[in-house]
A.B. asks: 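Attaching a single structure in structure tokens format; questions to follow.
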Amino acid sequence: MNIQEIIAKKRDKLELTKDEIEYFVKGYTEGKITDYQASALVMAIYINGMNDREITDLTLAMAYSGDVLDLSSLGEVVDKHSTGGVGDKITLILMPVIASLGIPVAKMSGRGLGFTGGTIDKLESIPGYHTSISVDEFKENVKKINISLMGQTLNLAPADKKLYALRDTIACTESIPLIASSIMSKKIAAGANKIVIDVTCGSGAFMKTMEDAKNLATVMTSIGKLAGKETVCIITPMNEPVGYAVGNTLEVIEAVDILKNKYMPKDIKNIIEELGANMLVLANKVQNIEEGKNLIIENIRNGKAYEKFKELVQNQGGDISYIENTDKLEKAKYIVPIIAEKDGTISEINAYEVGRLSCYLGAGRQTKEDEINPRVGFIFNKKVGDIVKSGETIGYIHSDDEQKANEILKYNVVKI
Ligand code: URA
């Protein structure tokens, strides 16, 4: 068997065998298959797709490319994952809520991919927070404070770690086989037996149509079943950014403000209620979704989720004075207002454009090695459907480069 033949088969729309898929995943993880060969195969998969059997074999090969955690000693862990979005800070809000309700949270998160953000990049904008911890530390954290959020370590689904970073730089993110295998391999390796997946749908998601979102959900649910994991997929809208903030530090501030009960955007409330209630049902904490939704909101209102978030940050080396007073977090040099040019109703805040332009400002990566700029992004004052007056400030661009901010103003990401 050799990699050229495997690439040629997928290029020619043929089905790959289990052995061929395993050969590729093992060879790439071990560095015997190069980035350029992997890029060619990934592009062929992107263009020609994979059937359900191939996707399952790819997922399992990736999941078992490193260690597979056994979390049974921690109790009934329910994991959560999102297929990605713009302004998606749901993990930062929801996971402390879940932990504060007594359900162990042991979650491995990702970095930004394409135009979407990643929880690990967001957490790293908190000074001192360690996302690279050992698996032993991860488990110890959960035993001690009921929650740990970490990045993908080298030895958990290492094949996904390499492929995820590669896909980001070769325009191969929006693909059902690649997304399904990426998410499910990580979830299988991370050891939870119950998983809730937020399948985002809309301009700011990888799945642009309801049909694609439903297909992705079906594929992931069936992989979960085959791997013995109870998997629930919830489709959520992603046409405008989630909440009001986009960009790493800006999203941490918004998450903290929500946990502090300063405000609660309606879209975020809907998403955390829906995902959270399903997690609570899977964990056997509640009998029905309505009961679950009430508990989620209650633990934000009574401050328990905020206290849990601070405990998480402190326990992973973060400086909680930045959480207690988010004004201390470093801001971008230029904060340029976006002004409404006429009276009317906001008809669109294009999540894809906002995500793409945030990356252009430095919030995401152009190459695997790029450092991100945590300070940059957008803050909106309005959501779609809100009424505005001519001359009103509808948002701000946060940039370290004045020229880039002025350039972005011309894109009219907010339509009236
Ligand atoms: N999230 C992941 O973990 N992988 C993807 O491919 C997309 C979103």
Side-chain angles (χ1 to χ4, degrees), residues 25 28 38-39 41-43 45-46 49-50 55-56 58-63 65-66 79-92 94-95 106-123 131 149-153 156-192 195-208 212-213 215-217 219-221 223-224 227 229 231 233-236 238 242 271 275 351-352 355 359 364-365 368:
V25 170
Y28 186 48
S39 300
L41 182 59
V42 166
M43 182 60 85
I45 294 171
Y46 181 95
M50 277 183 146
I55 301 175
T56 305
L58 178 61
T59 306
L60 294 178
M62 285 163 66
S65 62
D79 207 347
K80 173 259 170 196
H81 205 85
S82 160
T83 58
V86 177
D88 185 347
K89 69 277 299 168
I90 297 298
T91 292
L92 299 179
L94 180 57
M95 297 320 257
K107 175 161 164 51
M108 202 168 80
S109 287
R111 297 194 177 278
L113 185 66
F115 57 89
T116 68
T119 300
I120 289 307
D121 293 333
K122 292 169 206 185
L123 284 170
T131 57
L149 300 182
M150 73 181 289
Q152 219 169 332
T153 64
L156 279 194
D160 175 61
K161 189 170 182 170
K162 284 188 86 174
L163 283 168
Y164 191 89
L166 182 74
R167 283 167 55 213
D168 195 20
T169 57
I170 59 167
C172 281
T173 49
E174 298 98 330
S175 147
I176 291 179
L178 297 173
I179 295 175
S181 56
S182 164
I183 292 180
M184 294 310 288
S185 65
K186 273 196 286 274
K187 298 294 103 179
I188 294 168
I195 308 161
V196 172
I197 300 179
D198 181 1
V199 179
T200 54
C201 175
S203 79
F206 294 129
M207 298 298 105
K208 308 287 182 209
D212 280 348
N215 282 341
L216 178 60
V219 172
M220 289 194 292
T221 312
I223 297 173
K229 311 272 174 195
T231 306
C233 290
I234 311 279
I235 299 178
T236 63
M238 186 61 75
V242 178
I271 301 169
L275 299 179
Y352 169 73
C359 288
R365 293 173 187 77
K368 278 203 293 183

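Atoms within each ligand, like the ligands themselves, are counted from 1 in listed order. FYI, side chains are in, hydrogens and waters are out, and symmetry mates aren't considered; it's all heavy atoms of this structure. Along the sequence shown, the residues carry numbers beginning at 1.
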A.B. asks: Working to the nearest 0.5 angstrom, can you tell me the gap between Lys122 NZ and Leu149 CG?
C.D. replies: 12.5 Å
A.B. asks: Which of the atoms in ligand 1, numbered in the order shown and given with their element, are less than 4.0 Å from a heavy-atom of Leu113?
C.D. replies: 5 (C), 6 (O), 7 (C)
A.B. asks: If every non-hydrogen atom of Cys233 is compared with every non-hydrogen atom of Thr221, which pair is closest and at what distance?
C.D. replies: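 For Cys233 versus Thr221, the nearest heavy atoms are SG-OG1, 3.7 Å.
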A.B. asks: For the 3.5 Å polar cut-off, considering only N or O atoms, please tell me whether Arg167 and ligand 1 meet it.
C.D. replies: yes
A.B. asks: Does the side chain of His81 pick up a donor-acceptor pair with the side chain of Lys186 at under 3.5 Å?
C.D. replies: no
A.B. asks: On a heavy-atom basis, which atom in Met238 and which in Val86 lie closest, and how many Å separate them?
C.D. replies: SD-N, 3.5 Å
A.B. asks: Can you sort out which atoms of ligand 1 are near Ile183, meaning under 4.0 Å from one of its heavy atoms?
C.D. replies: 1 (N), 2 (C), 3 (O), 4 (N)
A.B. asks: Tyr164 side chain to Arg111 main-chain N or O, any donor-acceptor pair under 3.5 Å?
C.D. replies: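 Judged by distance alone, yes, a pair lies under 3.5 Å.
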A.B. asks: Please state which protein non-hydrogen atom is closest to atom 8 (C) of ligand 1 and give its distance, to 0.1 Å?
C.D. replies: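 Nearest protein contact, heavy atoms only, for atom 8 (C) of ligand 1 is Thr83 O, 3.4 Å.
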A.B. asks: State the atoms of ligand 1, each with its element, that fall below the 4.0 Å cut-off from a heavy-atom position in Ser182.
C.D. replies: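 Under 4.0 Å from Ser182, ligand 1 has these atoms: 2 (C), 3 (O), 4 (N), 5 (C), 6 (O).
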A.B. asks: Nearest protein heavy-atom contact for atom 3 (O) of ligand 1: which residue, which atom, what distance?
C.D. replies: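 Here the nearest protein heavy atom works out to Lys186 NZ, 2.6 Å.
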A.B. asks: Does either side chain, that of Ser185 or that of Asp160, offer a donor lying less than 3.5 Å from an acceptor on the other one?
C.D. replies: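 Asp160 and Ser185 do not have a side-chain donor-acceptor pair below 3.5 Å.
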A.B. asks: List ligand 1 atoms under 4.0 Å from His81, heavy atoms only on the residue side.
C.D. replies: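 Taking each heavy atom of His81 in turn, ligand 1 has 1 (N), 2 (C), 3 (O) under 4.0 Å.
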